[in-house]
Amino acid sequence: MSEISFTPDDSLYRNRDSLSEDYTPSTIVGRDNEISQYHAALQPVINGERPNNIFLYGKTGVGKTAVTSYLLGQLQDDSEKFDVDLTVISLNCEGLNSSYQVAVNLVNKIRTPEHHISKTGHPQYEVYEFLWNELDDLGGTVLIVLDEVDNIGESDSILYQIPRARSNGNINDAKVGIIGISNDLAFRENLSPKVRSSLCEKSISFPPYDATELEAVLEQRAEVAFHEGALGDGVIQLCAAYGAQDAGDARKALDLLRGAGDIARAENADTVTTTHVKNARDELEREELMDGIADLADHQQLVLYALTTLEAESETPARSQTVYQRYQELAEVAALDSRTSRRVRDFLADLSTLSIVVSSQRNDGLSGGQYREHKLKHDVETVLSAMSDLIERVGIHQSVRQTIADSDRVMISTTFDS
DNA sequence: TTTCCACAGGAAGGTACGGTCT
DNA sequence: AGACCGTACCTTCCTGTGGAAA
């Protein structure tokens, strides 16, 4: 084996980290309108008045979180200057699907680790009680930032409990304001009316970035991230164009640019080219799919496997019933007891929202009624490779035997070639 | 125009689990 | 130990749906 060593490689990047998600640039590009609304909504804080409840909504990667951390950072600096007692508590609600869990996490956010409470077991009123006490102890003005708040779904009680805590006498010493950030545009409409009126005192909508704005964002970051001349012609434009296609998502556009840079660096290229961008896009899409599949529970994967075998037999699009039958066969072979068809319909709907399968409704009237049809969104080989663990356990279905054998051969030969 | 197929998907309730409290 | 809590994950039951056929 040849000698292995690591040497720094900074031929392309000046500061790669400035392309990552948690980097807050010193100025925000292309969100002037939103920033001025947001700024006005935060003004009462510095006046020592009761803070507004603010609701931000817009798709992922349109700058909601970035603008928030930028403005709140500024606000904290200024509150020190003007001697305002301000505490900001930020909580990302990803994976928290009830008000109860949000309340537990808020309490733990304020408390020191040795006084953390457990995520289950407490009655709901008790957790709220803990929360009011902690907030009162903090005193002054407290801003609670709930990022991705749409995760809590229907259970939105905390969103009206907090704004009313003061008038209900649960809190006496603190002035509390909520800043809710949502990726789901429908979330606001689905809130119960009493929540909507209190939480959405000030609503600020963040529209998707258009291609020109994305270019400006990418230019700004690239200037810090890359050496001069490291980016080839059209690289920024292409990343921006893809980003605009992906619902104006700046995060994805930045990931893409970094991915392209990484590929170029691995190839020891002098510049990043549009080819690198295209390869990075394929790579990112593939990674997204692999992650999505790996996170699925056993029976969900088994349903996907069932659909995959049908796809390999060119039997797709297949209706839910057909998928269900194949699923039952596979479950039998694997000695797992199968779920009901109702449950499998839910699984298929999940796979569809995850963009792993594509489903469409059909209706053949009297001679067939209404039904759904499903097919894979990606090619059989990619999906199979993401499910290798499951397949190892339940066995290889004859319809995909050849595909798996082929891909193994490819893997082995490339290992020896390189 | 009316009929009716065959499933979609909402509603409600059951069960098991990891936790707290007394 | 045993009552109780919130939640994930299922099942059972059932109403709703849209368009081809009659």
Side-chain angles (χ1 to χ4, degrees), chain A residues 91-109 111 113-134 146 148-162 184 186-187 189-190 192 292-307 310 315-328 330-332 334-354 356-375 390:
Chain A
L91 179 67
N92 189 313
C93 303
E94 191 186 348
L96 309 178
N97 28 27
S98 70
S99 281
Y100 179 88
Q101 293 171 346
V102 170
V104 168
N105 277 272
L106 282 175
V107 170
N108 286 342
K109 204 94 199 182
R111 291 190 175 184
E114 59 270 26
H115 292 108
H116 277 189
I117 58 173
S118 127
K119 295 183 198 331
T120 52
H122 303 283
Q124 183 149 342
Y125 71 87
E126 198 174 52
V127 177
Y128 282 138
E129 207 60 37
F130 290 149
L131 183 57
W132 308 142
N133 291 339
E134 294 302 329
L146 299 176
E148 303 190 35
V149 66
D150 44 306
N151 279 292
I152 69 166
E154 307 280 284
S155 139
D156 53 12
S157 73
I158 195 166
L159 298 181
Y160 64 84
Q161 292 285 354
I162 292 180
D184 180 0
F187 179 68
E189 312 309 318
N190 294 338
S192 49
I293 292 178
D295 288 343
L296 297 174
D298 278 2
H299 282 273
Q300 266 171 317
Q301 280 200 21
L302 201 54
V303 169
L304 179 58
Y305 187 32
L307 183 62
L310 289 166
E315 296 291 327
T316 52
R319 52 201 289 172
S320 308
Q321 264 311 306
T322 319
V323 179
Y324 184 58
Q325 279 163 21
R326 177 60 55 86
Y327 157 80
Q328 283 183 306
L330 291 173
E332 171 130 35
L336 294 167
D337 37 336
S338 50
R339 302 287 176 253
T340 56
S341 63
R342 176 71 188 85
R343 189 76 188 116
V344 168
R345 284 206 289 276
D346 278 343
F347 290 155
L348 284 167
D350 290 346
L351 292 171
S352 172
T353 36
L354 289 169
I356 297 172
V357 315
V358 182
S359 307
S360 56
Q361 195 125 16
R362 292 278 315 269
N363 193 332
D364 289 351
L366 263 181
S367 58
Q370 200 167 75
Y371 57 92
R372 285 182 143 266
E373 282 186 334
H374 316 272
K375 63 180 189 308
L390 177 93

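Scope of the values below: all heavy atoms of this structure, side chains included, with no hydrogens, waters or symmetry mates. All chains are named by letter (A, B, ...) in the order of the sequence lines, taking the proteins before the strands, and each is independently numbered beginning at 1. Everything numeric here is computed off the predicted structure, so don't read it as measured data.
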Among the candidates C:dA8, B:dC7, C:dT11, find the nucleotide nearest to the side-chain atoms of A:R339.
C:dT11
So if I take every side-chain heavy atom of A:P123 and compare against C:dA20, C:dG16, C:dC5, which nucleotide ends up nearest?
C:dC5
With sugar-phosphate meaning primed atoms plus P, OP1 and OP2, does A:R372 contact a base, only sugar-phosphate, or nothing at under 4.0 Å between heavy atoms?
sugar-phosphate
Keeping A:S99 on the side-chain end and A:I158 on the backbone end, is there a donor-acceptor pair under 3.5 Å?
yes
For A:D346, which contact category applies under a 4.0 Å heavy-atom criterion: base, sugar-phosphate, or nothing?
nothing
Taking any heavy-atom pair under 4.0 Å as a contact, classify A:S98: base, sugar-phosphate, or nothing.
sugar-phosphate
Whole angstroms only, please: what is the CD-P distance between A:Q124 and B:dC21?
16 Å
By nearest atom, which of the nucleotides C:dA8, B:dC7, B:dG18 is closest to the A:T120 side chain?
B:dG18
With the side chain defined as heavy atoms from C-beta on, A:Y100 is closest, among B:dA6, C:dT11, C:dT7, to C:dT7
Between atom CD1 in A:I152 and atom P in C:dT7, what is the gap in whole Å?
11 Å
Using a cut-off of 4.0 Å on non-hydrogen atoms, how would the nucleic acid contact of A:N363 be classed: base, sugar-phosphate, or nothing?
base
In terms of side-chain heavy atoms of A:Q101, which of C:dA8, B:dA8, B:dC7 is nearest?
C:dA8
Donor-acceptor pair under 3.5 Å: do we get one between A:R342's side chain and the base of B:dG10?
yes
Does A:H116, at its NE2 atom, have more than 12 non-hydrogen atoms belonging to other residues, nucleotides or ligands within less than 6.0 Å?
yes
Rounded to whole Å, CG of A:L296 lies from C1' of C:dC9 at a distance of 15 Å
Checking the side chain of A:S118 only, and the main-chain atoms of A:T120 only, is there a donor and an acceptor separated by less than 3.5 Å?
yes
If you check every side-chain atom of A:S320, which of C:dA20, B:dC7, B:dC21 has the closest atom?
B:dC7
Just checking A:E126: does its CD atom have more than 12 heavy atoms from other residues, nucleotides or ligands closer to it than 6.0 angstrom?
yes
Interatomic distance where CZ belongs to A:F347 and C1' belongs to C:dA8 [whole Å]:
12 Å
From the candidates C:dA20, B:dG9, B:dC21, the one with an atom nearest any side-chain atom of A:H122 is B:dC21
Nearest-nucleotide check on DNA chain B, A:E373 vs A:L366; residue mapping nearer the 5' end is A:L366
Given C:dA8, is OP1 or OP2 found less than 4.0 Å from the side-chain N or O atoms of A:N97?
yes
Can you figure out which of C:dA21, C:dT11, B:dA8 approaches the side chain of A:S367 most closely?
C:dA21
Roughly how many Å is it from CD in A:Q361 to C1' in C:dG16, rounded to a whole number?
11 Å
So, OP1 or OP2 of B:dG9: does either fall under 4.0 Å of a side-chain N or O from A:R345?
no
Here the distance between atom P of C:dA21 and atom CD of A:Q370, to the nearest Å, is 16 Å
Atom CD of A:E129 and atom C1' of C:dC5 are separated, to the nearest Å, by 17 Å
Side-chain H-bond candidate by donor/acceptor type, A:Y100 with A:H122, under 3.5 Å:
no
Hey, does the side chain of A:E94 reach the backbone of A:N151 with a donor-acceptor pair shorter than 3.5 angstrom?
no
Candidates C:dT7, C:dT11, B:dA8 - which lies nearest the side chain of A:R343
C:dT11
What's the NE2-P distance between A:H299 and C:dC10, to the nearest Å?
7 Å
